[in-house]
Amino acid sequence: MELPSSDDIHRLTVQEFDTSKLLAHAAQQARRRKYSEFMIVDCDSHHYETDHLSEIYEYIDEPVIKQLAKTFHKTMGLPMFPQRTNDQDMGGRITRAPARRLEKSSFKDGRRDVELTIRWMDAMGVDYTCLFPTPMLSLGLHPQVEMEISLAKAYNHWLCDRVLSSEPRIKSMLYLPFNDPDECYKAVKEFGDRKGVVGFLVTAVRYNAVHENEYMKTYALLEEMGKPLAFHAAYNWHTKYMEQMNRFISVHALGFPYYNMLHMTNWIINGIPERFPKLRTLWIEGGLAWVPFLMQRLDNEYMMRPSECPLLKRLPSEYISEQFFSSQPLELVRNHKMLEATFDYMHADTQLMFATDYPHWDFDLPNTVYDIPFLDEKAKRNILGGNAAKLFNLGPWKHENGKPVWAG
């Protein structure tokens with residue numbers, strides 16, 4: 001029997017693309033493992049905000065920037081974001097990203113993202129998700145600071161109005177224009193009380209030092225409001241270090257943990273947890289393997305040169321173990337003792353939060369946590385939902401007719 005060609009597979013996948021069909025096995029897993037009996041919170045999922053640029057650009061306040069953005073999008077068909085190379089779809093073999101635009105929906109505006117998000121959440125058994133943008137993860141590299149400010153503000157307004165206001169199961173930590181500390185402060189003041197906003201986000205691919213004094217007033221405001229701050233990692237093939245690698249797999253392997261390690265080191269060594277002891281921070285999409293490495297490395301350095309860290313009253317690892325972390329991507333290890341040691345070292349039962357990273361090609365299902373053999377039932381439920389529910393102060397929930405319903 002002749003096997004279908006790659007073109008045939010691509011054509012059939014695109015023509016018949018449907019999230020529910022795509023995640024049919026995930027839905028079977030959810031039923032067999034009885035996910036409906038406890039809360040599952042996904043602390044990191046994505047949508048493609050570039051599908052709605054014409055709407056988002058209408059929220060830009062500055063008339064000149066609005067005109068530039070709309071004209072560039074109309075003539076070039078591209079957003080005014082720094083462009084990453086098209087290296088993730090494996091030469092067209094991963095079809096989910098291009099096919100998503102053809103999936104049938106009742107809506108064409110932001111409510112379309114709501115509808116499609118609920119589809120995959122229901123299939124996986126996820127009760128709440130924290131939704132983030134995708135290309136905007138690189139917006140911190142934009143050479144014009146005013147562009148990041150305008151686009152971030154417009155996106156935040158659009159997301160609150162068109163997505164978060166209409167669906168209580170979808171939350172977000174809003175984008176902070178971190179290239180301008182004053183604008184970060186204004187963003188927290190303006191959006192901190194908006195419906196569905198559970199915290200704020202720093203896109204980690206950038207060159208700002210998180211310990212600069214200009215950011216302290218924003219950290220103080222976040223602490224006062226009880227809103228957590230997240231650092232979302234990504235990759236950048238255009239730095240001098242990453243340019244030395246000739247394969248995307250290499251950049252993908254090192255790029256994500258690199259930014260988390262960089263910002264975490266500055267965060268801890270400069271004593272930010274001592275200055276703001278009630279400010280909770282979440283580190284997203286860097287995996288977990290880097291965490292014990294950084295704990296050990298910083299402790300070793302600190303014991304030799306504690307005078308360079310005058311604000312620290314404890315070992316760096318003790319502060320790191322009080323941070324929150326997302327589980328995706330949960331690195332595959334053949335030796336579960338290594339993973340168990342990592343979980344133990346980072347206090348995973350209280351500090352680790354499940355993440356899918358859906359719809360990206362390397363997303364994780366809830367079973368990546370649920371099927372870990374050394375976790376007891378309490379730890380599984382904490383990681384899959386309980387820890388995030390506490391961090392985000394999520395309201396009560398219940399299931400009706402097999403689907404989660406917000407009961408607040």
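Just the heavy atoms: all of them, side chains too, but no hydrogens, waters or symmetry mates, feed the values below. Everything quoted here is computed from the prediction, not taken from an experiment.
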(message) Ring centres under 6.0 Å, that's the criterion: do H46 and H232 meet it?
(response) yes

(message) Please confirm whether the ring centroid of W267 lies under 6.0 Å from the ring centroid of H211.
(response) no

(request) Flag the pair R381 and D349 as a salt bridge only when some basic side-chain nitrogen lies within less than 4.0 angstrom of an acidic carboxylate oxygen. (result) no

(request) Verify, without hydrogens or angle tests, whether N367 (side chain) and Y370 (backbone) share a donor-acceptor contact under 3.5 angstrom. (result) no

(message) I'd like to know if the side chain of S327 and the backbone of A355 have a donor-acceptor N/O pair within less than 3.5 Å.
(response) yes

(request) May I ask you to say whether K153 pairs ionically with E148, meaning some side-chain N is under 4.0 Å from a carboxylate O? (result) no

(message) Between E115 and R111, does any NZ, NE, NH1 or NH2 come within less than 4.0 Å of an OD or OE carboxylate oxygen?
(response) no

(request) Hey, could you give me each pair passing ring-ring contact (aromatic ring centres under 6.0 Å, His included) that has a residue in residues 188-207? Not counting sequence neighbours. (result) H157-F191

(request) Please list, chain by chain and in numerical order, all residues satisfying side chain to side chain contact (heavy atoms under 4.5 Å, CB included) with K217, sequence neighbours excluded. (result) D182, Y185

(message) Regarding K186 and E183, does a basic nitrogen lie under 4.0 Å from an acidic carboxylate oxygen?
(response) yes

(message) Counting the benzene-type ring for Trp, do Y358 and W120 have ring centres under 6.0 Å apart?
(response) yes

(request) Kindly say whether D44 contributes a backbone atom to a donor-acceptor pair with the side chain of Q328 at under 3.5 angstrom? (result) no

(message) Under a 3.5 Å distance rule, please check whether T203 uses its side chain to pair with a backbone N or O of S138 as donor and acceptor.
(response) no

(message) We want to know whether Y302 and E308 form a side-chain donor-acceptor pair, criterion being a heavy-atom distance below 3.5 angstrom.
(response) no

(request) Calculate, to the nearest 0.5 Å, the distance between atoms SG and CD belonging to C184 and E214 respectively. (result) 11.0 Å

(message) Under the ring-ring contact (aromatic ring centres under 6.0 Å, His included) definition, can you give me all pairs with a residue in residues 328-355, not counting sequence neighbours?
(response) F343-F374

(request) Supply the atom-to-atom distance L131 CG to S172 OG, rounded to the nearest 0.5 angstrom. (result) 6.0 Å

(request) If the plane angle is over 60° it's perpendicular, under 30° parallel, otherwise tilted; pick one for H252 and F248. (result) tilted

(request) Classify the ring geometry between F178 and F231 as parallel (under 30°), tilted (30 to 60°) or perpendicular (over 60°). (result) perpendicular

